[in-house]
Amino acid sequence: MTDRSGKRAAIFGKSGSGKTHFAKKNIVTGLDRVLAFDPEEEFADMPGFITVTSLQKLAAHALDCWEGNFRIAYVPNPGREEQELSEISRLVERYQEPFKAGQTNDMVTMVVDELNLSFPLNFRPNNDGFARICSRGRKRGINVIGISQRPAEVATRFRGNLDRIAVFELSLPNDWKAVADYVGIDARERLAEMPQFSHLRWENGEVTPVRPT
């Protein structure tokens, strides 16, 4: 990133559509300071990642390395995805306060997989940590990449703050509609004409077809 404004990106696609491979190969590989919320342990096997499975260990490890580079994959406890993402988001917000104060230029990227589980449409009000990141994280240099099979089930606090979207093949009509309502295109029709594992990239109001490489 060349500026001090955190970015918001989404990768939507059904299981097997190529979205996770795309995220790992084209986005996460180039990051120096990244915290992946990783319910399915998709990122834990990537080079340089340390896997953490408790909030206490995450807080301790992050505190030790936050002033440098790090690659952390946090695997939440099943059934507690929403609560733990909220708690982690509050931790990240606090650790990034020096960025907001102009004391550092070190940005951080949160990669949140299975976002429909951890930040659903009707998230509990007391689990609003990630909502705060979506709304207030830019000034703290927090980039966010959300990944989901079910965009229609992801809270609008995330979907309404996006700078860019990568849309792969989706399964259900309401997911196609959620994408079309946001980016103003019929992604299903356009993707049907493209090879398997292709996607559409939406950024700055422009839609670009991207074929697999």
Side-chain angles (χ1 to χ4, degrees), residues 1 6-49 51 71-76 78 81 85 109-121 130 134 143-156 158-213:
M1 301 292 178
K7 305 302 181 184
R8 302 285 174 268
I11 304 171
F12 296 138
K14 69 180 183 180
S15 179
S17 65
K19 70 180 184 303
T20 304
H21 175 77
F22 169 80
K24 293 166 75 171
K25 178 182 177 182
N26 296 284
I27 301 178
V28 179
T29 297
L31 299 175
D32 294 322
R33 304 179 78 246
V34 55
L35 172 56
F37 190 82
D38 194 16
E40 298 297 325
E41 300 186 56
E42 295 280 4
F43 298 92
D45 63 347
M46 291 188 66
F49 269 86
T51 301
R71 295 161 71 83
I72 304 170
Y74 180 78
V75 181
E81 293 90 352
L85 176 60
T109 300
M110 292 183 66
V111 181
V112 185
D113 199 9
E114 302 293 337
L115 193 57
N116 53 295
L117 296 178
S118 51
F119 195 50
L121 273 175
F130 188 68
C134 292
N143 301 311
V144 178
I145 301 169
I147 306 171
S148 180
Q149 301 179 36
R150 300 298 319 279
E153 295 183 357
V154 175
T156 54
F158 172 75
R159 287 190 280 145
N161 281 281
L162 294 173
D163 302 301
R164 63 200 72 174
I165 305 175
V167 184
F168 290 77
E169 181 72 21
L170 294 164
S171 295
L172 300 177
N174 60 337
D175 291 320
W176 288 112
K177 184 177 185 302
V179 171
D181 287 347
Y182 190 78
V183 304
I185 61 169
D186 188 339
R188 187 174 197 171
E189 181 177 326
R190 295 185 64 172
L191 282 172
E193 302 171 352
M194 299 171 63
Q196 188 179 21
F197 306 127
S198 298
H199 70 276
L200 295 176
R201 183 179 66 210
W202 176 86
E203 185 174 2
N204 298 323
E206 299 290 333
V207 178
T208 305
V210 182
R211 296 171 182 264
T213 57

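- Separation of atoms CZ (Arg71) and CG (Leu31) is listed at 6.5 Å; rounding is to 0.5 Å.
- Summarising the geometry, atom CG belonging to Asp175 is positioned 9.5 Å from atom CD belonging to Gln149; distances are rounded to the nearest 0.5 Å.
- Ring-plane geometry between His199 and Phe22 is classed as tilted, the angle between the planes lying from 30 to 60 degrees on a 0 to 90 degree scale.
- Minimum heavy-atom separation, Ala73 to Ala44: CB-CA, 3.9 Å.
- For the pair Glu153/Ser148, no side-chain contact is recorded, criterion being any heavy-atom separation below 4.5 Å from C-beta on.
- We find the CZ-CZ distance between Phe119 and Phe158 to be 9.0 Å, quoted to the nearest 0.5 Å.
- Of all non-hydrogen atoms in Ala10 and Leu162, the two that sit nearest each other are CB-CD1, 3.7 Å.
- Every side-chain contact (heavy atoms from CB on, under 4.5 Å) that Ala36 has, sequence neighbours left out, goes to Phe43, Phe49, Val111.
- Not counting sequence neighbours, Asp113 has no partner by the side-chain hydrogen bond (donor to acceptor under 3.5 Å, both in side chains) test.
- The local environment of NZ in Lys177 is sparse, with at most 12 non-hydrogen atoms from other residues, nucleotides or ligands closer than 6.0 Å.
- In terms of heavy atoms, Val75 sits closest to Pro39 at CG1-O, 4.3 Å.
- Listed by first and then second residue, the salt bridge (charged side-chain N to carboxylate O under 4.0 Å, His left out) pairs that reach into residues 199-213 are Arg164-Glu203, sequence neighbours excluded.
- Smallest separation of non-hydrogen atoms from Pro209 and Met194: CB-CE, 3.5 Å.
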Salt bridge (charged side-chain N to carboxylate O under 4.0 Å, His left out) between Arg8 and Asp163, worked out: CA-CA 5 Å; Arg8 302 285 174 268; Asp163 302 301; 5.9 Å; no

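- Using a 4.5 Å cut-off on side-chain heavy atoms (C-beta onward), Trp176 and Glu169 make contact.
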Worked check of side-chain contact (heavy atoms from CB on, under 4.5 Å) between Phe37 and Ser118: CA-CA 9 Å; Phe37 190 82; Ser118 51; 3.7 Å; yes

With side-chain contact (heavy atoms from CB on, under 4.5 Å) as the criterion, how do Met46 and Thr29 come out once you've worked through the C-alpha distance, each side chain's angles and the decisive distance to 0.1 Å? CA-CA 8 Å; Met46 291 188 66; Thr29 297; 3.7 Å; yes

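- Here NZ of Lys24 is found 5.5 Å from CD of Glu42. Values are rounded to the nearest 0.5 Å.
- Looking at every heavy atom in both residues, Ala152 comes nearest to Leu121 through O-CD1, 3.2 Å.
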Could you walk me through whether Ile165 and Arg159 satisfy the side-chain contact (heavy atoms from CB on, under 4.5 Å) test, starting with their C-alpha distance in whole Å, then the side-chain angles of each, then the deciding distance to 0.1 Å, before giving a yes or no? CA-CA 10 Å; Ile165 305 175; Arg159 287 190 280 145; over 6 Å; no

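- Nearest approach of Leu191 to Ser198, heavy atoms of both residues: CD2-O, 3.8 Å.
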Let's go through Glu81 and Val112 carefully: what are the C-alpha distance in whole Å and the side-chain angles of both, what is the deciding distance for side-chain contact (heavy atoms from CB on, under 4.5 Å) to 0.1 Å, and is it a yes or a no? CA-CA 10 Å; Glu81 293 90 352; Val112 185; over 6 Å; no

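- Remark: Ile11 CD1 to Ile27 CD1 distance equals 3.5 Å, nearest 0.5 Å.
- A distance of 13.0 Å separates NZ of Lys7 from CG of Asn161, quoted to the nearest 0.5 Å.
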